[in-house]
Q: 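To start, I am sharing the structure in question, which I have written as structure tokens.
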Amino acid sequence: MKKSHIYWGTGLLLGLLMVVLAFPAEAQCAMCRASVESSNGESPDNITNGLNKGILYLMAVPYILAAGVGFFWYKYSKKR
């Protein structure tokens with residue numbers, strides 16, 4: 001059996017175990033939680049909408065950077 005098949009099988013097994021054995025997490029910074037909890041009297045759209053947009057911004061930046069690096073790596077490796 002080739003080593004690459006063993007690596008793929010091991011990676012697939014570990015990935016499957018990580019998905020199956022995942023525990024629910026309620027992680028939130030203290031300032032975000034306090035902001036959301038204190039905004040009960042105000043219109044919820046303003047606070048929660050801004051919080052969600054901030055989370056999406058923080059989540060998207062690493063993917064955009066990785067895609068840019070991958071694009072330039074692919075582009076310059078094709079020239080050689």
Side-chain angles (χ1 to χ4, degrees):
M1 187 175 236
K2 292 182 180 180
K3 285 188 177 184
S4 64
H5 292 293
I6 294 172
Y7 291 137
W8 278 102
T10 304
L12 184 64
L13 179 66
L14 287 175
L16 185 63
L17 283 174
M18 290 172 71
V19 169
V20 170
L21 299 176
F23 296 105
E26 294 184 23
Q28 194 175 46
C29 73
M31 291 182 67
C32 296
R33 174 171 274 189
S35 174
V36 171
E37 286 176 355
S38 70
S39 69
N40 286 339
E42 300 175 23
S43 65
D45 292 336
N46 294 339
I47 300 292
T48 55
N49 197 11
L51 186 62
N52 287 337
K53 285 181 181 179
I55 290 170
L56 289 175
Y57 173 75
L58 290 173
M59 182 185 73
V61 171
Y63 290 108
I64 292 170
L65 289 174
V69 168
F71 172 74
F72 285 113
W73 188 355
Y74 176 75
K75 183 179 176 181
Y76 288 118
S77 69
K78 282 291 193 180
K79 285 185 178 180
R80 291 182 181 187

Q: L12: what forms a side-chain contact (heavy atoms from CB on, under 4.5 Å) with it, not counting sequence neighbours?
A: none
Q: Using the test side-chain contact (heavy atoms from CB on, under 4.5 Å), find all partners of M18 that sit at least two apart in sequence or belong to another chain.
A: none
Q: Hydrophobic side-chain clustering at under 4.5 Å (ILVMFWY, transitive links): who's grouped with L17? Put none if nobody.
A: L13, L16, V20, L21
Q: Please tabulate, one pair per line, all N/O donor-acceptor pairs under 3.5 Å involving side-chain atoms of residues 63-77, not counting sequence neighbours.
A:
residue	atom	partner	partner atom	Å
S77	OG	W73	O	3.2
S77	OG	Y74	O	3.0

